[in-house]
Amino acid sequence: MASIIVTGAAGFIGFHACRRLVADGWSVTGVDCFNAYYDPALKRGRAEALQAEFGIAVRDLDIADDAALKALVLKLRPDRILHLAAQAGVRYGFDHPFEYEHSNLKGHLSVLEAARALGDGLGHLVYASSSSVYGEREGPFKESDPVDHPASLYAATKRAGEMMTESYVSLFGLPATGLRFFTVYGPWGRPDMAYFKFAEAIMEGRKLPLFDSGRGRRDFTYVDDVVECLARICADAPARKSHRIFNIGGSNPRPTTDLVKALESSLGRSAQIEHLPPQPGDVSLTYADTSALETAYAYKPVVKLEDGIARFADWYLGWRGEKARSLAG
Ligand SMILES: NC(=O)c1ccc[n+]([C@@H]2O[C@H](COP(=O)([O-])OP(=O)(O)OC[C@H]3O[C@@H](n4cnc5c(N)ncnc54)[C@H](O)[C@@H]3O)[C@@H](O)[C@H]2O)c1
């Protein structure tokens, strides 16, 4: 059985990716440091579900501990590494810049070093980048577009990850693929992201802060579509010394007001909207050109925002109910 190490396995995308990879026959080992950027109980809940339902162990390990990561990788000698662990979020970087240095620079470098130590034994390093590397521009965004003007520290560290990978590919011959994800959402999602915060505000009857009056457009991408791409890309073994980068996005940007409407309809409640000016660090548009992905892997995201949000809302209402019951009992 082929084996894979997934970093950030207790995270939102990592959790869904692990489940799919096991279903596809991979032997999966997860790594996560369960940091408190958002509710660690949600991360523990994902890790417990991975263990209970799929027998996947998520090891408590900080990827920036390069010696510990390399030791684990050399012990398990995986055929693939899927590197998703990172400090995500744009605004958190205003007050916690060194978290980005820690996980996205040192952590990414540790993953590259571990991958390098495996030599020819590693068939593919697949890692997460972000649509944020594109900064403020007209869409659709192509992988060949210049990406020299990041609008946030997060974006700068994600671009740095791509550049560090490029140097390791050219120096040590790794086969690597970077994925620029566009606003991924879905069940077991991230409480720091707008769709989750909006759902909380709607259910609690609080004001929902709509920056730039909801005019900003996002290329929302349902997590199952992302996971389908990850499964195809991880199964692939590109030639050594190859570094490709793909957009993974819905290719259909929608204004934030559409997100609010989809949530209202799925949750069966109205939002109380507070119109606010644009926030620093936010770009006005994200829009993926996915033609390179379609050519290479014969797939493009298909789930409509309204359908994906309905699935998120189903999960969210169940999760919220369970949380309330455990607090009461
Ligand atoms: N969700 C999105 O919309 C989106 C968009 C663009 C890019 N991405 C990228 O995709 C990847 C996965 O994102 P996600 O949405 O699942 O985020 P997430 O925060 O839910 O998952 C990341 C996981 O990595 C773990 N982690 C962070 N630093 C670590 C460290 N030093 N050592 C070990 N574990 C560490 C966290 O505890 C978390 O569980 C990230 O690299 C993120 O930057 C996500």
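In each ligand, atom 1 is the first atom listed, and ligand 1 is the first ligand listed. Just so it is clear, the model here is predicted, and its values are computed rather than measured.
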Short N or O separations between ligand 1 and the protein, below 3.5 Å:
{"from": "ligand 1", "atom 1": "1 (N)", "to": "Arg190", "atom 2": "NH1", "distance (Å)": "3.3"}
{"from": "ligand 1", "atom 1": "3 (O)", "to": "Val184", "atom 2": "N", "distance (Å)": "2.7"}
{"from": "ligand 1", "atom 1": "15 (O)", "to": "Arg190", "atom 2": "NH1", "distance (Å)": "2.8"}
{"from": "ligand 1", "atom 1": "16 (O)", "to": "Phe12", "atom 2": "N", "distance (Å)": "3.2"}
{"from": "ligand 1", "atom 1": "16 (O)", "to": "Ile13", "atom 2": "N", "distance (Å)": "2.8"}
{"from": "ligand 1", "atom 1": "20 (O)", "to": "Phe12", "atom 2": "N", "distance (Å)": "2.9"}
{"from": "ligand 1", "atom 1": "20 (O)", "to": "Tyr38", "atom 2": "OH", "distance (Å)": "2.5"}
{"from": "ligand 1", "atom 1": "28 (N)", "to": "Ser103", "atom 2": "OG", "distance (Å)": "3.1"}
{"from": "ligand 1", "atom 1": "31 (N)", "to": "Asp62", "atom 2": "OD1", "distance (Å)": "2.9"}
{"from": "ligand 1", "atom 1": "31 (N)", "to": "Ser103", "atom 2": "OG", "distance (Å)": "3.0"}
{"from": "ligand 1", "atom 1": "32 (N)", "to": "Ile63", "atom 2": "N", "distance (Å)": "2.9"}
{"from": "ligand 1", "atom 1": "34 (N)", "to": "Cys33", "atom 2": "N", "distance (Å)": "3.1"}
{"from": "ligand 1", "atom 1": "37 (O)", "to": "Asp32", "atom 2": "OD1", "distance (Å)": "2.6"}
{"from": "ligand 1", "atom 1": "37 (O)", "to": "Lys43", "atom 2": "NZ", "distance (Å)": "2.9"}
{"from": "ligand 1", "atom 1": "39 (O)", "to": "Gly11", "atom 2": "N", "distance (Å)": "3.2"}
{"from": "ligand 1", "atom 1": "39 (O)", "to": "Asp32", "atom 2": "OD1", "distance (Å)": "3.2"}
{"from": "ligand 1", "atom 1": "39 (O)", "to": "Asp32", "atom 2": "OD2", "distance (Å)": "2.7"}
{"from": "ligand 1", "atom 1": "41 (O)", "to": "Leu84", "atom 2": "O", "distance (Å)": "2.9"}
{"from": "ligand 1", "atom 1": "41 (O)", "to": "Lys158", "atom 2": "NZ", "distance (Å)": "2.8"}
{"from": "ligand 1", "atom 1": "43 (O)", "to": "Tyr154", "atom 2": "OH", "distance (Å)": "2.6"}
{"from": "ligand 1", "atom 1": "43 (O)", "to": "Lys158", "atom 2": "NZ", "distance (Å)": "3.1"}

Would you say the side-chain atoms of [X] and [Y] include a donor-acceptor pair closer than 3.5 Å?
| X | Y | value |
| --- | --- | --- |
| Lys304 | Asn252 | no |
| Asp212 | His275 | no |
| Thr177 | Arg244 | yes |

Side-chain donor or acceptor of Asp289 paired with backbone N/O of Lys142 under 3.5 Å
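No, because the side chain of Asp289 does not come within donor-acceptor range (under 3.5 Å) of the backbone of Lys142.
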
Taking His124 for its side chain and Ile233 for its backbone only, find out whether a donor-acceptor pair lies under 3.5 Å.
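Yes: the side chain of His124 pairs with the backbone of Ile233.
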
Residues Glu113, Arg116: salt bridge by 4.0 Å N-O rule:
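Answer for the salt bridge query: yes.
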
